[in-house]
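One structure is given here, and the rest of the page talks about it.
FYI, the numbering just counts along the sequence from 1.
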Amino acid sequence: MSAMDYGLAALKLFCSQLKQAREVPSQHSFTLGGFLFQRAWLQGVLISSNDGNGPLLLDDGTSVIELSLSGEFRQRHFKAGMYVMVVGGYVARAAGEPSIIKVHKIVDLSSSPDREAMWYLEVMEAYKLFYQPLVEEFM
């Protein structure tokens with residue numbers, strides 16, 4: 001993914017929904033039911049840490065995605081069990097491998113215990129208000 005178009009919204013999504021996204025190579029982006037995007041906004045629990053050799057993995061209850069940290073984020077310590085919000089560029093991978101989010105923003109929300117329940121409602125509301133009408137029009 002070369003050019004990042006920050007004019008495109010970061011979609012509030014579940015990891016499982018990303019699996020349905022289709023690449024639009026000419027625009028360096030993806031489409032989900034007719035909705036064009038490059039960045040995804042996810043929240044979930046880290047099921048690995050960034051101090052080992054393995055990848056940093058996020059589980060949002062629907063699926064798991066790998067987080068690719070760069071720059072300042074590599075210096076910060078992320079532990080398994082932290083509940084985080086992540087916004088970043090989406091990178092699809094071959095079937096069987098978790099997709100990747102190239103992290104532009106990551107925030108530890110562990111101190112807000114109701115964030116997880118609220119997140120499910122936010123994604124559902126975004127889907128109903130914005131994505132569903134497009135999906136239905138597209139089908």
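Ile106 has its side chain out of reach of Met85: every pair of non-hydrogen atoms, C-beta onward, lies at least 4.5 Å apart. Side chains of Gln43 and Val84 form no contact here, defined as non-hydrogen atoms less than 4.5 Å apart. When side chains are defined from C-beta on, Ser110 counts as touching Tyr83, because their heavy atoms get closer than 4.5 Å. Inter-residue side-chain proximity for Ser99 and Leu18 is flagged as unmet; no heavy-atom pair is nearer than 4.5 Å. Ser26 is listed as a side-chain neighbour of Val24, based on a closest heavy-atom distance under 4.5 Å.
For Arg93, the CZ atom counts as densely surrounded, since its 6.0 Å shell holds more than 12 non-hydrogen atoms of other residues, nucleotides or ligands.
When each of Ile100, Leu42, Leu57, Leu56 is tested with Leu67 by the rule side-chain contact (heavy atoms from CB on, under 4.5 Å), just one qualifies, namely Leu56.
Gln17 places a side-chain N or O within 3.5 Å of a backbone atom of Phe14 that can act as its donor or acceptor partner. For Ser29 (side chain) and Leu36 (main-chain N/O), no donor-acceptor pair under 3.5 Å exists by modelled atom type.
Closest non-hydrogen pair, Phe73 versus Lys105, comes out as CZ-CA, 3.9 Å. Here the closest non-hydrogen pair linking Arg76 and Asn50 is O-ND2, 2.8 Å.
Between the CD1 atom in Ile101 and the CZ atom in Arg39 there is a gap of 11.0 Å [rounded to 0.5 Å]. Taking CZ from Phe35 and CG from Leu11, the interatomic distance works out to 5.5 Å, rounded to the nearest 0.5 Å. In this structure, NZ on Lys102 lies 11.0 Å from CD on Glu66, to the nearest 0.5 angstrom. In this structure, CG in Leu109 is found 9.5 Å from CE in Met82, a value given to the nearest 0.5 Å. The distance from the CD1 atom of Ile65 to the CG atom of Asp59 is 11.0 Å, given to the nearest 0.5 Å. Atoms OH and SG, from Tyr90 and Cys15 in turn, are 9.5 Å apart once rounded to the nearest 0.5 Å.
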Full working for side-chain contact (heavy atoms from CB on, under 4.5 Å) between Leu69 and Phe78: CA-CA 10 Å; Leu69 301 176; Phe78 296 100; 3.8 Å; yes
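Residue Val45 is grouped with residue Val87 when hydrophobic side chains (ILVMFWY) are merged at heavy-atom distances under 4.5 angstrom, including chains of intermediate members. Criterion: ILVMFWY side-chain heavy atoms under 4.5 Å apart, direct or through other members. Under it, Leu58 and Ile47 are not part of a common hydrophobic cluster.
Below 30°, between 30° and 60°, or above 60°: for Phe30 and Phe37 the angle between ring planes is between 30° and 60°, a tilted geometry.
There is a side-chain donor-acceptor pair under 3.5 Å between Ser63 and Lys19.
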